[in-house]
Engineer: 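Just passing along the structure, written as structure tokens.
All values below come from the heavy atoms of this structure, side chains included, with hydrogens, waters and symmetry mates left out. A, B, ... follow the sequence lines: proteins, then strands. Residue 1 opens every chain.
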2 protein chains.
Amino acid sequence: LIETESVTKIYDGRGVVPVRALNKVSLCFEPGEFSAIVGPSGSGKTTLLNVLGGLDMPEEGRVVVDGQDLGRMKDADLVEFRLRHIGFIFQAYNLIPVFTARENVEFIMLLQGVDKEERRERAVQLLKEVGLGDRVDNRPNQLSGGQQQRVAVARALASRPRFVLADEPTANLDSVSAEALLDLMEQMNEKYGMTFIFSTHDARVIKRARRVITLQDGQVKQ
Amino acid sequence: LIETESVTKIYDGRGVVPVRALNKVSLCFEPGEFSAIVGPSGSGKTTLLNVLGGLDMPEEGRVVVDGQDLGRMKDADLVEFRLRHIGFIFQAYNLIPVFTARENVEFIMLLQGVDKEERRERAVQLLKEVGLGDRVDNRPNQLSGGQQQRVAVARALASRPRFVLADEPTANLDSVSAEALLDLMEQMNEKYGMTFIFSTHDARVIKRARRVITLQDGQVKQ
Ligand SMILES: Nc1ncnc2c1ncn2[C@@H]1O[C@H](COP(=O)(O)OP(=O)(O)OP(=O)(O)O)[C@@H](O)[C@H]1O
Ligand SMILES: Nc1ncnc2c1ncn2[C@@H]1O[C@H](COP(=O)(O)OP(=O)(O)OP(=O)(O)O)[C@@H](O)[C@H]1O
Ligand SMILES: [Mg+2]
Ligand SMILES: [Mg+2]
């Protein structure tokens with residue numbers, strides 16, 4: 001279960017007008033959901049995902065994941081919790097430039113203590129599934145935009161987290177690649193019960209989502 | 001006139017299999033075109049745009065822009081030529097992190113020697129047109145993904161180049177923002193005769209293109 005209880009997030013920079021990125025957002029997600037958060041550019045989708053994943057703390061309200069209030073956890077426990085339970089696909093990918101595609105995908109499993117053979121097999125398997133089986137030894141700057149995006153997807157899925165927070169995972173993909181990715185995610189949702197929460201503008205993703213949540217100016221539109 | 005004559009681009013990294021990103025590509029674009037290059041992720045779209053804009057040199061063949069063979073120009077002349085004539089919207093935006101949105105948009109005009117008042121007016125005007133009129137003093141890390149993308153678009157258009165090479169300019173935009181951007185580009189195409197060459201997966205862009213060129217595995221599919 002993931003819940004946000006009346007969450008408000010305000011960005012207050014020096015010399016610029018404060019931005020209310022989320023305004024009293026209350027949502028709950030059940031185990032095994034396959035849901036899309038949609039809304040205009042700037043409406044708060046990335047901020048919502050960041051708050052759900054404990055990457056950002058709200059100014060008001062709280063976020064509860066599996067009974068744990070993320071705002072009350074010690075830093076070290078929050079890091080451990082994210083490592084064990086949450087897979088994140090970033091809008092800008094955030095790949096490690098000095099690692100190859102395979103090393104990027106293995107990295108989280110390494111931190112989780114997964115054994116070496118198992119890590120390598122899973123990484124190569126997932127990279128094959130996203131169509132990059134022949135590019136595993138390339139670094140990010142040797143890959144196209146959409147290829148980098150697929151490495152970011154493989155990395156989040158390889159650690160088999162309980163919750164996947166996917167920020168625009170298909171933005172740079174052609175339809176064939178996007179549909180293949182969605183097939184893979186649906187399979188993992190069914191086979192492992194992984195909960196998928198997408199932030200997206202992509203009609204192809206929205207079409208597959210079992211539930212669609214609309215954000216506008218930081219608020220949920222019912 | 002922009003032409004590629006039997007252009008081949010090969011990436012030859014250490015320890016990895018060479019990749020033929022473009023294979024004998026011959027294309028020509030007339031002044032005032034509004035054309036889209038489409039194709040699967042990894043098919044060579046970004047590479048083609050980089051070669052058209054003189055950001056990357058082919059291993060075989062040549063690129064001729066307005067009668068100038070880009071491969072035979074001295075570095076300093078090529079830099080000047082790009083500054084004067086080519087506007088580039090990068091797939092990963094490449095905004096300057098320490099500059100505000102307005103400063104990012106003004107930067108190219110500054111290099112071109114446009115006067116201070118004129119630069120500021122054009123920058124603010126263009127940022128308004130892409131829906132960021134109230135965010136001109138924010139830096140990129142204070143903006144959403146789609147907002148950063150729109151700053152990158154405004155920057156390329158503000159200098160009113162003769163050719164705009166736009167690499168997936170709508171990937172992170174909702175439909176309202178994407179359509180508004182396409183309206184703006186169509187207006188500049190008609191009003192100033194600017195040539196637009198898009199690399200895209202986006203059906204909304206393809207729908208508006210007057211010509212569509214398909215790439216697959218680095219080759220043009222006729
Ligand atoms: N520096 C490099 N070293 C090795 N291969 C590269 C390099 N840069 C690009 N490539 C490869 O060249 C091919 C074409 O890349 P390009 O970026 O042009 O594709 P694209 O059509 O823009 O893809 P996308 O839609 O994913 O952005 C890809 O297979 C890519 O991995
Ligand atoms: N560090 C920050 N400082 C100020 N404002 C910020 C900051 N980070 C985000 N914002 C603002 O918060 C609002 C919501 O941002 P968010 O990234 O969640 O939008 P989004 O829905 O993901 O947009 P997109 O579809 O363009 O990715 C935007 O107006 C954005 O500019
Ligand atoms: Mg976002
Ligand atoms: Mg590309």
Side-chain angles (χ1 to χ4, degrees), chain A residues 11-19 21 38-47 50 90-93 100-101 130-132 134-150 167-168 170-178 180-181 199-204 206 214-216, chain B residues 11-19 21 38-47 50 90-93 100-101 130-132 134-150 167-168 170-178 180-181 199-204 206 214-216:
Chain A
Y11 291 109
D12 215 338
R14 268 197 312 269
V16 283
V17 177
V19 177
V38 306
S41 169
S43 57
K45 304 180 296 299
T46 292
T47 305
N50 287 346
F90 296 94
Q91 193 165 1
Y93 326 144
T100 63
V130 300
L132 295 174
D134 59 343
R135 304 306 298 275
V136 305
D137 294 322
N138 284 108
R139 293 187 170 72
N141 69 355
Q142 295 174 324
L143 297 174
S144 77
Q147 290 168 338
Q148 292 176 34
Q149 187 153 43
R150 286 181 270 157
D167 202 344
E168 315 249 18
T170 57
N172 280 283
L173 300 179
D174 58 284
S175 285
V176 171
S177 306
L181 219 79
S199 138
T200 188
H201 296 297
D202 191 340
R204 304 167 300 199
I206 295 167
T214 304
L215 278 188
Q216 189 163 332
Chain B
Y11 290 109
D12 215 339
R14 266 195 314 269
V16 284
V17 177
V19 178
V38 307
S41 170
S43 56
K45 303 180 297 299
T46 292
T47 305
N50 287 345
F90 296 94
Q91 192 165 1
Y93 326 145
T100 63
V130 299
L132 295 174
D134 58 344
R135 305 304 299 274
V136 304
D137 294 321
N138 284 107
R139 293 189 169 72
N141 70 356
Q142 297 174 323
L143 298 174
S144 78
Q147 289 168 339
Q148 291 175 33
Q149 186 151 43
R150 286 181 271 156
D167 202 346
E168 315 248 17
T170 58
N172 280 282
L173 300 179
D174 57 284
S175 286
V176 172
S177 305
L181 219 80
S199 139
T200 188
H201 296 297
D202 192 339
R204 302 168 301 196
I206 295 167
T214 304
L215 277 189
Q216 190 163 330

Engineer: Which atoms of B/V17 are under 4.5 Å from chain A, going by heavy atoms: the side chain, the backbone, both sets, or neither?
Structural biologist: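 For B/V17, neither part sits under 4.5 Å from chain A.
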
Engineer: What part of A/R139 lies closer than 4.5 angstrom to a heavy atom of chain B: side chain, backbone, both or neither?
Structural biologist: neither

Engineer: Quick one: what part of A/V16 sits under 4.5 Å from any heavy atom of chain B, side chain, backbone, both or neither?
Structural biologist: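 Side chain only.
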
Engineer: Between chain B and each of A/G146, A/S144, A/A171, count heavy-atom pairs under 4.5 Å; write down the option with the most.
Structural biologist: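 Of the options given, most contacts go to A/A171.
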
Engineer: A/N50: which residues meet the side-chain hydrogen bond (donor to acceptor under 3.5 Å, both in side chains) condition with it, sequence neighbours left out?
Structural biologist: none

Engineer: Quick one: are A/T170 and B/H201 in side-chain contact, heavy atoms under 4.5 Å?
Structural biologist: no

Engineer: Count the heavy-atom pairs under 4.5 Å between each of A/D167, A/L143, A/N172, A/N138 and chain B, then report the option with the highest count.
Structural biologist: A/N172

Engineer: Restricting to side-chain hydrogen bond (donor to acceptor under 3.5 Å, both in side chains), what partner residues turn up for A/T200, sequence neighbours left out?
Structural biologist: none

Engineer: Do B/D174 side-chain atoms and A/S41 backbone N/O form a donor-acceptor pair below 3.5 Å?
Structural biologist: yes

Engineer: Among A/D137, A/L173, A/T46, which residue has the highest count of heavy-atom pairs closer than 4.5 Å to chain B?
Structural biologist: A/L173

Engineer: With a 4.5 angstrom heavy-atom cut-off, could you sort out which part of A/V19 is near chain B: side chain, backbone, both or neither?
Structural biologist: side chain

Engineer: Can you tell which part of A/E168 gets under 4.5 Å to a heavy atom of chain B, answering side chain, backbone, both or neither?
Structural biologist: side chain

Engineer: With only heavy atoms counted, which part of A/S177 is less than 4.5 Å from chain B, the side chain, the backbone, both or neither?
Structural biologist: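 Just its side chain gets close to chain B.
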
